Every structure is written in C-alpha cells, then in structure tokens.
J.: 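Got a structure for you, written out below as structure tokens; questions coming shortly.
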Amino acid sequence: MPALNRTTYPASTYTEKVLQFGEGNFLRAFTDWQIHQMNQKSNFDAGVVIVQPLATGMAERLNEQDGLYTVYLEGIQEGQPSRTHEVIECVTRGINPYEHYEQYEALAYQPELRWIISNTTEAGIAFNSTDQLADRPQQSYPGKLTSLLYRRFRHFHGEESKGFIILPCELIDHNGDELKRIVLQYAELWNLEPEFGAWVHQANTFCSTLVDRIVPGYPKQRMPEITAELGYEDQFVVVGEPFHLLVIEGPAWIEQELPFAQAHLHIKVVSDMAPYRTRKVRILNGAHTAMTPVAYLYGLNTVAEAVEHPITGAFVQSLIQDEIIPTLDLPADELEQFAAAVMERFRNPYVEHFLMSISLNSISKFKTRDLPTLTSYIEQQHQLPAKLVFSLAALIAFYKGDRSGERILLNDDEAVLQQLAELWKNCDNSQSSLYQLVTAVLGEVSFWGMNLNSYAGLTEQVTTNLYHIQHQGMVVALQELMAPSVTPTV
C-alpha cells in the first residue's frame, strides 16, 4: 500500500500566505479544510506553513507526507446520513522551531505571508515572564509570535503592508484582544522601541474568533477499513462533522481578502461576535447541559439516543424552540437555521457522544449555559420556562447519584459534591423535605452567583418537579410534562 505524499498523489502547490501555530486535529479539519475549499473554488492560492508550538509534536511526521492528509466529514445533512472524504492539499510544510529555529525565523522575512492562525489550547495564550527575545525559541506562543513580529518589523522597516491578520482559535473569550495584550506586554518586558508597538497597532489586525465544528480526530479503531477504502497509507486521517462555523470579529474589509463566499463557507465577519457566542452557548451547549440529567435519568446514555427518542427528543426540541430561541437577539431565520443544524449534529450517527461526559461540572455548566436563558425568559415572558425548570429539578435529582439503583459516577468540584451529598442525606423525600432541599440548592450563591429563590414560584415548581421525579420516576414525570405535545409511551 503506497504512502500518501506528493509523489504518489498529484497535489497542487500554493504560495505560502498562512502561518499556523498548531498541527493538531482541530485546525487541520477546520481552518486548513476551509483554506483548501477556498483554494479549490476561488483564486485564494494560499499555502499553509505549520509551526509546531511545543517541543514535542508532529511537524516532522507531517513532512513525511508532504503536508497531505485526508479529512472525513461524517454526520447528518438535510436529514440524511452523509460521509465524504478528500485530501487536503494546502499545507506546504511543518516546522519544529526547537530543532530548526532558522527555518522558523526565516518566516518573518517572507513577504507573501499575510495570515496567522493558532490553536495552542486555552492555556496557550498566556504570558511567561521568563521568555526573552534572544530565546531560540521562546516557550510561550505569544512570546514566539512577538519575536516573529519584531523581526518582521525590523526587516521591512516598519512597512504597514507587511502586517498580519491574526486569527487565534483558542477557546477563550476575546482571544484576539488577549493575544494582542500579551504581545504588547512582551514588547514592554523586552524594552522594544515604541515604533514597534505602534506598528503592532497600525499594521496588524488581531481578530477575536468563535469556532465551531466537532472534530473527533484520528479514527484509530477504524483505520484498517479506512486504509482499504482510501488505497493509501495516511498517518494523519482526521474525522470531523460536516457542520462548521467561523465567526471573525474584525473590520469589514477582511471579507475582501478572504473569499469564503465563493467557497460557500459558513464564515461571518462581524463587528460584535457576542450574539453569536451567546447563540452557540445557549442553544448548543445549553441544550446539551439541560438534556443530560433528564435523558440520563430516563435511562438513555448518548446524545443521539436522547434526541431520537420520542419523549426526550420532543423535550429537547421544545426546550430550544419555545424557551431558548425567544430569549436571543438575532434574526429569527438565523436562529432557526442554527437550531436545525444543532439538532442534526445531535443526531450524528458517526459520533458517540455520551451524556456522562457532558455531565462533568454540571452545576457550573448550568450556571453559564442555562441560567441566563432561565432568567431572561422570566424577565421577558413573565412566567417560568417549564422545560428549563424541569431540567433544573432533574439536575438536583441527578446529584443524588442514583439511577434506578445504579450508582452515578458524579464528576464535579469536590466541595459541590460534598454539599449536595449532605443535603440529599438529610432529605426523606417528603414534599416538605424536598422543598427544604430545593430551597438550599437554589439559595446557594456559590453555585449560581445569586439566590434563585427570589424568582416567584421557582422554588415551588422545582420542588413539584423533583417530587414527581423521585416518586414516579423520570419516565412518568417527563411523559406527564410532555403530555400536551406527545403521546406517552412506557
């Protein structure tokens, strides 16, 4: 079986315009895949040179395949299972700056480079006070970037046209702003001339981003069958879902440089990404967190099982349509399209997404993902959102740690687990005892940042739901909740 490389596969070559920090699965299946689409469907002509951000990495192995690798996209599209694959041709080479620093340094002098993309994990955008300009290389990603920018500034004598458009993809809020702040912090630490700081501001555009695509990564268990299907050996096969979204918070002129419309990519350039972040957190993440205790206590184990089930699926659909979407401030058609895409993603038969993996730190997740929807709904509609209130009751029941006699392996902050365990220990499941339990949980400011008992009727409704869950079981309790919209089945 031949190995995938540019000798065995007739790939196109492109001008190196993109510098990428990070060789992991996500960027290769997300941004590099998008660049490949723009190369194929427009005149973008963008090659990607990948810099390995850590001393240990895969740059050399990637070079063995001349930067080529296969992306499989597997999921649901327009209601039907979809599975496609293609070879990504835009990566020109990989560089390990710890072994080949001269190659890394030389990137600063390539005039065609225009874009910098990164994904160095959430911990990657951080300041390391021990980094120095003379290091070869610096330990931190922002340190490496500052050194590279400074060398480019000096080499091109501060020419503004040689600045970069910088798109960090690390999953932190305001990632572009934070990266720029740390770059300027290094400039100050290293006593670089003020003109460099001015060049950073004027010639370089740091954009904050929102990225969205599920990338399970390398399908190790399936590689024998995939290799037989492909007809070549590929060490870098990466699997992702068809859905993708990149929101770039930056100036509108970026659209003139990035031909995503011609490639039919879901990329948005906006002046404020907050509504899109809120949309993702509340619809996608919020639905995940709200469904988890309900579906798990119902006896289901995966997201796909939950949304395909006639009762729990109707619960999730109603939760999104009737309670989450009405609280969001974006055009209705955008919200409906995103919600439909989310439900398709939940149904993805190629991704086994376990509810218990979502349940990690469910208290804090409910606070950030679902509590804003609950409070906004109450303030806007002047009534309680029935599905979210039920989910909150299910969450409290979930932390009892029992599913029909089976112990639930709860995974949360130890203080949270101890506090809830103590409350359940002192509860005898009577209406009054459950009311005391609910009052204590909703009143725990360390959980929610506020006393939720202050919302009229919330304590009573959560208690009623919890009483039904405890005495009738989740199956009957949820069926009664959904009775107006679904036909109960046992």
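All values below were derived from every heavy atom in this structure, side-chain atoms included, with hydrogens, water molecules and symmetry-related copies excluded. Here the structure is a predicted model, which is why all the values come from computation and not from measurement.
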J.: If I take atom OG from residue Ser376 and atom CG from residue Leu371, how far apart are they, to the nearest 0.5 angstrom?
T.: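 Taking OG in Ser376 and CG in Leu371, the distance rounds to 9.0 Å.
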J.: Just one of Pro97, Pro53, Ser147 clears the side-chain contact (heavy atoms from CB on, under 4.5 Å) bar with Pro137, so which one?
T.: Pro97
J.: Do you know which two heavy atoms are closest between Leu300 and Ala306, and how far apart they sit?
T.: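 Closest approach of Leu300 to Ala306: CD1-CA, 3.8 Å.
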J.: Sorted by first residue and then second, give each salt bridge (Lys or Arg N to Asp or Glu O under 4.0 Å) pair with at least one member in residues 235-248; sequence neighbours left out.
T.: Glu241-Arg345
J.: Can you tell if the side chain of Asn348 reaches within under 4.5 Å of the side chain of Ile214, non-hydrogen atoms only?
T.: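 No - every pair of side-chain heavy atoms lies 4.5 Å or more apart.
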J.: Nearest 0.5 angstrom please: Ile324 CD1 to Arg282 CZ, how far?
T.: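 These two atoms lie 9.0 Å from each other.
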J.: Take Glu229 and Glu225, measure what side chain to side chain contact (heavy atoms under 4.5 Å, CB included) needs, and give me the verdict at the end.
T.: CA-CA 6 Å; Glu229 178 183 13; Glu225 64 184 80; over 6 Å; no
J.: Of all heavy-atom pairs between Trp199 and Leu149, which one has the smallest distance, and what is that distance?
T.: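 Minimum heavy-atom separation between Trp199 and Leu149: CZ3-O, 3.5 Å.
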J.: Between Asn5, Thr227, Thr70, which is the residue that forms a side chain to side chain donor-acceptor pair (under 3.5 Å) with Tyr232?
T.: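 Result for side chain to side chain donor-acceptor pair (under 3.5 Å) with Tyr232: Thr70.
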J.: Taking Glu170 as the fixed residue, which of Thr121, Asn175, Thr120 is the one that meets the side chain to side chain donor-acceptor pair (under 3.5 Å) rule?
T.: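 In the set Thr121, Asn175, Thr120, the residue that makes a side chain to side chain donor-acceptor pair (under 3.5 Å) with Glu170 is Thr120.
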J.: Hey, is the main chain of Pro372 close enough, under 3.5 Å, to the side chain of Thr375 for a donor-acceptor pair?
T.: yes
J.: Parallel, tilted or perpendicular: which one describes the rings of Tyr104 and Phe21, with boundaries at 30° and 60°?
T.: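 Perpendicular, since the angle between the ring planes exceeds 60°.
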J.: Take Leu148 and Leu19, measure what side chain to side chain contact (heavy atoms under 4.5 Å, CB included) needs, and give me the verdict at the end.
T.: CA-CA 11 Å; Leu148 182 98; Leu19 170 56; 3.5 Å; yes
J.: Would you mind reporting whether Val239 and Glu74 have side-chain heavy atoms less than 4.5 Å apart?
T.: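 They are in side-chain contact.
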J.: Indicate whether the side chain of Glu193 and that of Tyr150 have a donor and an acceptor atom separated by less than 3.5 Å.
T.: yes
J.: What's the spacing between Lys387 NZ and Met291 CE if we round to 0.5 Å?
T.: 14.5 Å
J.: If I take atom CG from residue Leu388 and atom OG1 from residue Thr373, how far apart are they, to the nearest 0.5 angstrom?
T.: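 Separation between the atoms: 6.0 Å.
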J.: For Ser140, which of Thr146, Asn128, Asp131 qualifies under side chain to side chain donor-acceptor pair (under 3.5 Å)?
T.: Asp131
J.: Check Pro111 against Arg152 and note the closest heavy-atom contact, atom names and distance.
T.: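 So the two residues come closest at O-NH2, 3.5 Å.
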J.: For Glu78, I'd like to know if atom CD has over 12 heavy atoms of other residues, nucleotides or ligands within 6.0 Å.
T.: no
J.: Considering non-hydrogen atoms only, spot the tightest contact between Val238 and Ala29 and give its length.
T.: CG2-CB, 3.8 Å
J.: Taking all non-hydrogen atoms of both residues into account, name the closest pair between Arg213 and Pro242 and its distance.
T.: NH2-O, 2.8 Å
J.: Going by the angle between their ring planes, with limits at 30° and 60°, are Trp448 and Phe366 parallel, tilted or perpendicular?
T.: perpendicular
J.: Looking at Ala287 and Leu319, what are the two nearest heavy atoms and their distance?
T.: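 So the two residues come closest at CA-CD2, 4.2 Å.
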J.: So, are Glu64 and Arg61 salt-bridged, with charged N and O less than 4.0 Å apart?
T.: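 Salt bridge flag = no for Arg61 with Glu64.
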J.: Taking only residues two or more places apart in sequence, or in another chain, which ones meet Tyr399 in a ring pair (Phe, Tyr, Trp, His ring centres under 6.0 Å)?
T.: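 In terms of ring pair (Phe, Tyr, Trp, His ring centres under 6.0 Å), with neighbours along the sequence ignored, Tyr399 is linked to no residue.
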J.: Does Thr209 reach the main-chain N or O of Ile248 with its side chain, forming a donor-acceptor pair under 3.5 Å?
T.: no
J.: Please list, one pair per line, the donor and acceptor atoms closer than 3.5 Å that link side chains of residues 352-362 to other protein atoms, with sequence neighbours excluded.
T.:
from	atom 1	to	atom 2	distance (Å)
Ser357	OG	Phe354	O	2.6
Ser359	OG	Met356	O	2.7
Ser362	OG	Ser359	O	2.7

J.: If you define the side chain from C-beta out and look only at heavy atoms, does anything of Ile76 sit under 4.5 Å from Pro81?
T.: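 Of all side-chain heavy-atom pairs linking Pro81 with Ile76, at least one is under 4.5 Å.
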J.: Suppose the criterion is ring pair (Phe, Tyr, Trp, His ring centres under 6.0 Å): which pairs have a residue in residues 158-186, not counting sequence neighbours?
T.: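 Found Phe127-Tyr186, Tyr186-Trp190.
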J.: Please confirm whether the backbone N or O of Glu105 pairs with a side-chain atom of Arg151, one donor and one acceptor, at under 3.5 Å?
T.: no
J.: Name the one of Phe260, Trp33, Phe30 that satisfies ring pair (Phe, Tyr, Trp, His ring centres under 6.0 Å) with His244?
T.: Trp33
J.: Can you list everything that forms a side chain to side chain contact (heavy atoms under 4.5 Å, CB included) with Ala11? Sequence neighbours excluded, please.
T.: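 Applying side chain to side chain contact (heavy atoms under 4.5 Å, CB included) to Ala11 gives Arg6, Tyr9, Leu68, Glu89.
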J.: For Tyr109, which residues count as a ring pair (Phe, Tyr, Trp, His ring centres under 6.0 Å) partner, sequence neighbours excluded?
T.: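 Tyr109: ring pair (Phe, Tyr, Trp, His ring centres under 6.0 Å) contacts with His155.
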J.: Between Glu112 and Lys17, does at least one N-O distance fall below 4.0 Å, as a salt bridge requires?
T.: no
J.: Tell me, which pairs form a side-chain hydrogen bond (donor to acceptor under 3.5 Å, both in side chains) where one or both residues lie in residues 268-279, sequence neighbours left out?
T.: Asp173-Arg277
J.: Would you mind reporting whether Arg136 and Glu102 have side-chain heavy atoms less than 4.5 Å apart?
T.: yes
J.: If you define the side chain from C-beta out and look only at heavy atoms, does anything of Glu195 sit under 4.5 Å from Phe153?
T.: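 Contact flag for Glu195/Phe153 side chains = yes.
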J.: Got a sec, which residues hit side chain to side chain contact (heavy atoms under 4.5 Å, CB included) with Glu308, two or more places apart in sequence or on another chain?
T.: Arg347
J.: Glu336 vs Asp333, test: side chain to side chain contact (heavy atoms under 4.5 Å, CB included). Steps then yes/no.
T.: CA-CA 5 Å; Glu336 292 292 341; Asp333 60 336; 5.7 Å; no
J.: Does any part of the side chain of Pro275, heavy atoms only, come nearer than 4.5 Å to the side chain of Asp329, both counted from C-beta?
T.: no
J.: Between Phe398 and Leu410, does a side chain to side chain contact (heavy atoms under 4.5 Å, CB included) hold up when you go through it step by step?
T.: CA-CA 9 Å; Phe398 181 81; Leu410 301 170; 3.4 Å; yes
J.: Do the side chains of Phe44 and Leu258 get nearer than 4.5 Å, heavy atoms only?
T.: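 Side-chain contact under 4.5 Å: yes.
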J.: Kindly write out the residues that satisfy ring pair (Phe, Tyr, Trp, His ring centres under 6.0 Å) with Tyr72, not counting sequence neighbours, or none if the list is empty.
T.: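 With neighbours one apart ignored, the set is His85.
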J.: Do Leu395 and Ile363 have side chains that approach each other closer than 4.5 Å (heavy atoms only, starting at C-beta)?
T.: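 Yes, at least one pair of side-chain atoms sits under 4.5 Å.
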J.: Ignoring hydrogens and angles, tell me if any N or O in the side chain of Asn25 forms a donor-acceptor pair with the backbone of Pro216 under 3.5 Å.
T.: no
J.: Can you list every salt bridge (Lys or Arg N to Asp or Glu O under 4.0 Å) pair that touches residues 353-370, not counting sequence neighbours?
T.: none
J.: Return the set of residues passing ring pair (Phe, Tyr, Trp, His ring centres under 6.0 Å) with Trp253 (not counting sequence neighbours), or none when no residue passes.
T.: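 None.
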J.: Side chain to side chain donor-acceptor pair (under 3.5 Å) with Gln20: which residues, sequence neighbours excluded?
T.: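 For Gln20 the side chain to side chain donor-acceptor pair (under 3.5 Å) partners, ignoring immediate neighbours, are Asp32.
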J.: Hydrogens and angles aside, do Gln65 and Asp234 bring a side-chain donor and acceptor to less than 3.5 Å of each other?
T.: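 Note: Gln65 and Asp234 side chains meet the donor-acceptor criterion.
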